There are 2 protein chains.
Amino acid sequence: MARYRLTIEYDGTPFAGWQRQHGQPSVQAALEEAIMRLGEEDLTLSGAGRTDAGVHAMGQVAHVDLQKDWTPDKLMGAINAQVRPDPVSVLDVAMVDDDFHARFSATARHYRFRILDRRPPPALDRNRVWWVPHPLDADAMHEAAQVLVGHHDFTTFRSAQCQSKSPVKTLDRLDVVREGAEVVVYASARSFLHNQVRSLVGTLKLAGEGKCSAADVRAALDAADRSACGPVAPPDGLYLMSVDY
Amino acid sequence: MARYRLTIEYDGTPFAGWQRQHGQPSVQAALEEAIMRLGEEDLTLSGAGRTDAGVHAMGQVAHVDLQKDWTPDKLMGAINAQVRPDPVSVLDVAMVDDDFHARFSATARHYRFRILDRRPPPALDRNRVWWVPHPLDADAMHEAAQVLVGHHDFTTFRSAQCQSKSPVKTLDRLDVVREGAEVVVYASARSFLHNQVRSLVGTLKLAGEGKCSAADVRAALDAADRSACGPVAPPDGLYLMSVDY
């Protein structure tokens, strides 16, 4: 019995999310079933971030306890061979101590949110970006974002389904950068509330449209009231990029 | 009656190629049918490059003669509204003179070919890259590529189905650059033979694997013999980036 840490990339489009759900395709189930086809039994993959339906990952991290003694390299190849044709790929495998926990040992999670800010809709990046067909002011978005960085009660930016005990979180980074036709939001924190990144991005978009100022965003945060949040951004543009331990 | 130039992005995955083919989905037919739904009749879209099945475009150019007087902006929006749900997007429309021809007026075509050079298969970029799971020497590929730049008989790198009158072409640029986990090939010429870019990339891959040297590539070119070509690269990694006039 040994514990393995997996770093995982996936296209979230065909999945109901990371987490196993009865009767629906999930990334967790796709990987667990792939590993069971290797002769492993009674296994549970624990992921660092429970990404929602349609949310992607370039560096999700999970751990799993396996019966057989696998070399990390062989395990990676074997899982990738089995998980096809699902759009999931294990990028790295490492053997870790028994006290490593993908979710609870994480010290930071890094997300990226891609907004395609151009009039024509995406063709190549369909399901990969949030398409906003009118010009956004990325500088205004970045300015508004700085109000949100730090230790706050994020009730305004929290889903009604959020299971976190406390709405208080520390947001370490919320940068908005224009990259060609895209406006990209970088968000980092030890942990996030459910829907927090998409809620933040939805409100920053309003700032980019000139519909609210940095002061309005601060007032929305201070209100600690879900109804003060802008519309939640769609999942398509969100990527779990990496997790720190 | 006026002539319009369209700049087009598409995901080539679901198409049998750019060109209209009986009973098969094509980008040309998708766009022509979208435009016909705007009330236009008897139209033919002429593209600058006849991309093959699975080949993508970020800047294909086509022209079309239309009956109605469209403002370019309205035409772009109307076509994009009609062409959904196909993964095709018109990025730009301009009114052009009657002597403009997307194919024959082109002075240069620019292609990019993306190789994902890593052991794990692509998840997010499935169908968007050529996956090569072992390390390639991009510098050796670039060195071999320089042998191919210039005015040559490219019979070696030409499909048997190529309809071009002459196998002699001038290759203006063939650069190989490592960009993170990707090895990217940039190819520019006034015009290309059928399958030329994919044939060149297939042979450069052999150079990147140490299976042939720049001198071997020169000998293959000089042989003017299709059988001297390495295996043709798959379409997935190829993008028509832009066309000059």
Side-chain angles (χ1 to χ4, degrees), chain A residues 6-15 27 30-31 34 51 54-60 72-93 112 114 116 118-129 131 133-134 180-181 236-241, chain B residues 6-15 27 30-31 34 51 54-60 72-93 112 114 116 118-129 131 133-134 180-181 236-241:
Chain A
L6 277 55
T7 307
I8 306 153
E9 174 186 309
Y10 49 85
D11 172 3
T13 312
F15 296 106
V27 182
L31 282 165
T51 59
V55 174
H56 315 293
M58 298 185 76
Q60 169 75 288
D73 212 47
K74 279 213 171 156
L75 181 59
M76 182 176 88
I79 299 173
N80 282 336
Q82 291 295 336
V83 80
R84 292 186 149 204
D86 285 311
V88 177
S89 185
V90 178
L91 304 184
D92 185 67
V93 171
R112 186 172 66 136
R114 294 172 60 195
L116 181 64
R118 71 174 193 193
R119 205 171 143 236
L124 275 159
D125 281 328
R126 191 177 280 196
N127 301 320
R128 301 278 196 282
V129 293
W131 174 45
H134 46 262
D236 312 57
L238 185 57
Y239 296 74
L240 174 51
M241 299 302 292
Chain B
L6 278 55
T7 307
I8 306 152
E9 174 184 307
Y10 49 85
D11 171 4
T13 311
F15 296 107
V27 183
L31 283 166
T51 58
V55 174
H56 315 292
M58 298 185 75
Q60 168 76 286
D73 213 46
K74 278 212 170 157
L75 182 59
M76 183 176 89
I79 298 172
N80 282 338
Q82 291 295 335
V83 80
R84 294 186 148 202
D86 285 310
V88 176
S89 185
V90 178
L91 303 184
D92 185 66
V93 171
R112 185 172 66 137
R114 295 172 59 195
L116 180 64
R118 71 174 194 193
R119 206 172 141 235
L124 275 160
D125 280 329
R126 191 176 279 196
N127 301 319
R128 301 278 196 281
V129 294
W131 174 46
H134 47 264
D236 314 55
L238 185 56
Y239 297 73
L240 174 52
M241 297 303 291

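Since this is a predicted model, take the numbers as computed values, not measurements. The analysis underlying the following values was restricted to heavy atoms, covering all of them including side chains, and did not include hydrogens, waters or symmetry mates. Just so it is clear: chains get the letters A, B, ... in the order the sequence lines come, proteins before strands, and each one is counted from 1.
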Q. Looking at A:Leu124, A:Ile8, A:Asp92, which one has more heavy-atom pairs under 4.5 Å with chain B than the rest?
A. A:Leu124
Q. Minimum heavy-atom separation for A:Pro120 to B:Met76, with atom names?
A. CG-CE, 3.9 Å
Q) Just by distance, do the side chain of B:Ser89 and the backbone of A:Pro121 share a donor-acceptor pair under 3.5 Å? A) yes
**Q.** A:Arg118 side chain to B:Leu91 backbone, donor-acceptor under 3.5 Å
**A.** no
Q) Sequence neighbours excluded, which residues qualify as salt bridge (charged side-chain N to carboxylate O under 4.0 Å, His left out) partners of A:Arg128? A) A:Asp11
Q.
If I take atom CZ from residue B:Arg126 and atom CZ from residue A:Arg84, how far apart are they, to the nearest 0.5 angstrom?
A. 6.0 Å
**Q.** Those residues that, when tested against B:Ala34, pass side-chain contact (heavy atoms from CB on, under 4.5 Å) (two or more places apart)
**A.** B:Arg37, B:Ile79, B:Gln82, B:Val83
Q) Under a 4.5 Å cut-off applied to non-hydrogen side-chain atoms, are B:Arg119 and A:Asn80 in contact? A) no
Q: Could you tell me which of B:Asp73, B:Asp125, B:Asn127 has the largest number of non-hydrogen atom pairs under 4.5 Å with chain A?
A: B:Asp73
